[in-house]
**Student:** 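Dropping a structure here in structure tokens format, bear with me for questions.
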Amino acid sequence: MIGVLLLSHGRLAEGVHHAVSMIAGSSEGLDHLGLEPGTTSEVLTEQILAKVNNLNHGLGVLLITDIIGGTPFNAACMMKKTENVEILAGLNLGMALTASLEKDSAKSVLDLALAVEEAGLQTIRRFAL
């Protein structure tokens, strides 16, 4: 199983995690962490590392952050130096749901990242009536 960690500013990751659980049921190997006001980037990096270590059962962890360049994204990038992780930015419900449903069958964390990235792109559409 590949671990999945949703990361965001505030409670966005928590809300997306809750929504995934409502749709697909609770999922072992899926967790979330939100940056709260007053938390330093160093503390956030330590919190992410602790969750990555808890979620990694040998196949790696997919980190999905809310936005490129934000503190959660930058802290996630610190994990690339020492951990078997892949990082995606642009967290949305479609991405999180795909990650939750495919993390047990993906052959590698990279394969999961590519599938989740594609799912995220496919869930963005403009509709005109």
Side-chain angles (χ1 to χ4, degrees):
M1 170 179 57
I2 297 166
V4 176
L5 180 59
L6 310 177
L7 299 165
S8 70
H9 293 82
R11 295 188 178 148
L12 175 65
E14 178 183 7
V16 171
H17 188 178
H18 179 72
V20 168
S21 296
M22 286 180 60
I23 296 167
S26 69
S27 178
E28 183 183 345
L30 175 67
D31 202 354
H32 67 272
L33 180 62
L35 173 64
E36 294 299 328
T39 303
T40 66
S41 60
E42 293 81 15
V43 168
L44 181 64
T45 301
E46 291 172 10
Q47 292 172 334
I48 293 171
L49 181 58
K51 290 207 178 247
V52 165
N53 287 333
N54 187 51
L55 290 167
N56 191 354
H57 298 286
L59 295 176
V61 178
L62 176 60
L63 307 175
I64 308 176
T65 71
D66 52 1
I67 58 172
I68 293 173
T71 303
F73 174 82
N74 293 336
C77 287
M78 298 301 291
M79 299 301 112
K80 278 293 261 188
K81 295 177 181 179
T82 60
E83 305 301 317
N84 181 18
V85 298
E86 288 292 330
I87 303 165
L88 296 174
L91 173 63
N92 67 39
L93 183 55
M95 293 170 74
L97 188 58
T98 299
S100 179
L101 294 174
E102 295 191 15
K103 65 182 175 42
D104 296 334
S105 60
K107 294 180 182 182
S108 71
V109 68
L110 176 59
D111 287 344
L112 180 61
L114 293 171
V116 171
E117 179 183 39
E118 181 62 25
L121 294 170
Q122 295 303 315
T123 61
I124 300 170
R125 295 280 187 263
R126 182 179 92 55
F127 288 90
L129 300 176

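Computed from heavy atoms alone, side chains included, the values below leave out hydrogens, waters and symmetry copies. Positions are given from 1, in the same order as the sequence printed here.
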**Student:** Which atoms form the tightest heavy-atom contact between T98 and A119, and what is the distance?
**Tutor:** OG1-CB, 3.2 Å
**Student:** In the single-linkage hydrophobic clustering (I, L, V, M, F, W, Y; side-chain heavy atoms under 4.5 Å), do L110 and V52 co-cluster?
**Tutor:** no
**Student:** Tell me, yes or no, whether the heavy-atom count around R126 atom CZ, taken from other residues, nucleotides or ligands under 6.0 Å, exceeds 12.
**Tutor:** no
**Student:** Cluster question for you: counting only ILVMFWY and a side-chain heavy-atom cut-off of under 4.5 Å, with indirect links fine, are L7 and M78 together?
**Tutor:** yes
**Student:** With side-chain contact (heavy atoms from CB on, under 4.5 Å) as the criterion, how do I64 and L5 come out once you've worked through the C-alpha distance, each side chain's angles and the decisive distance to 0.1 Å?
**Tutor:** CA-CA 6 Å; I64 308 176; L5 180 59; over 6 Å; no
**Student:** With no hydrogens and no angle check, is any side-chain donor or acceptor of T39 less than 3.5 Å from a backbone partner on L35?
**Tutor:** no
**Student:** Go through M95 and E117 one step at a time and tell me if the side-chain contact (heavy atoms from CB on, under 4.5 Å) criterion holds.
**Tutor:** CA-CA 7 Å; M95 293 170 74; E117 179 183 39; 5.9 Å; no
**Student:** Could you report the tightest heavy-atom contact between S8 and A13, atom names first, then the distance?
**Tutor:** OG-N, 2.8 Å
**Student:** For E36, is the CD atom crowded, meaning more than 12 foreign heavy atoms sit under 6.0 Å from it?
**Tutor:** yes
**Student:** Quick check: closest heavy atoms across A75 and T45, and the distance to 0.1 Å?
**Tutor:** CB-OG1, 3.4 Å
**Student:** Indicate the atoms forming the closest heavy-atom contact of A96 with L91, along with that distance.
**Tutor:** CB-CD1, 4.3 Å
**Student:** Is the shortest heavy-atom distance from the side chain of L59 to the side chain of M1 under 4.5 Å?
**Tutor:** no
**Student:** For the residue pair L44 and P72, what are the closest heavy atoms and their distance?
**Tutor:** CD2-CA, 3.7 Å
**Student:** Would you call L88 and L62 a side-chain contact if the rule is heavy atoms closer than 4.5 Å?
**Tutor:** yes
**Student:** Should L93 and I23 count as side-chain neighbours, where that means a heavy-atom distance under 4.5 Å?
**Tutor:** yes
**Student:** Would you say N74's side chain and G69's backbone share a donor-acceptor pair under 3.5 angstrom?
**Tutor:** yes
**Student:** Could you check whether any side-chain heavy atom of L63 comes within less than 4.5 Å of a side-chain heavy atom of M79, counting everything from C-beta outward?
**Tutor:** yes
**Student:** Over all heavy atoms of both residues, which pair between T123 and G120 is shortest? Give the atoms and the distance, please.
**Tutor:** OG1-O, 2.8 Å
**Student:** Does a side-chain heavy-atom distance below 4.5 Å link I67 with H9?
**Tutor:** yes
**Student:** Are L49 and N53 close enough, and set up right, to give a side-chain contact (heavy atoms from CB on, under 4.5 Å), and what steps lead you there?
**Tutor:** CA-CA 6 Å; L49 181 58; N53 287 333; 3.8 Å; yes
**Student:** If we check side-chain contact (heavy atoms from CB on, under 4.5 Å) with L55, which of these qualifies: L30, V61, V4?
**Tutor:** V61
**Student:** As an exercise, state the distance from CG of L97 to OG of S27, rounded to the nearest 0.5 Å.
**Tutor:** 10.0 Å
**Student:** Which pairs pass ring-ring contact (aromatic ring centres under 6.0 Å, His included) with one or both residues in residues 24-76, sequence neighbours excluded?
**Tutor:** H17-H32
**Student:** With a 4.5 Å heavy-atom cut-off, do E102 and L112 have their side chains touching?
**Tutor:** yes
**Student:** State, with a plain yes or no, whether a side-chain heavy atom of L6 is found less than 4.5 Å away from one of D31.
**Tutor:** no
**Student:** Considering only heavy atoms from C-beta outward, does the side chain of L33 approach that of I48 to under 4.5 Å?
**Tutor:** yes
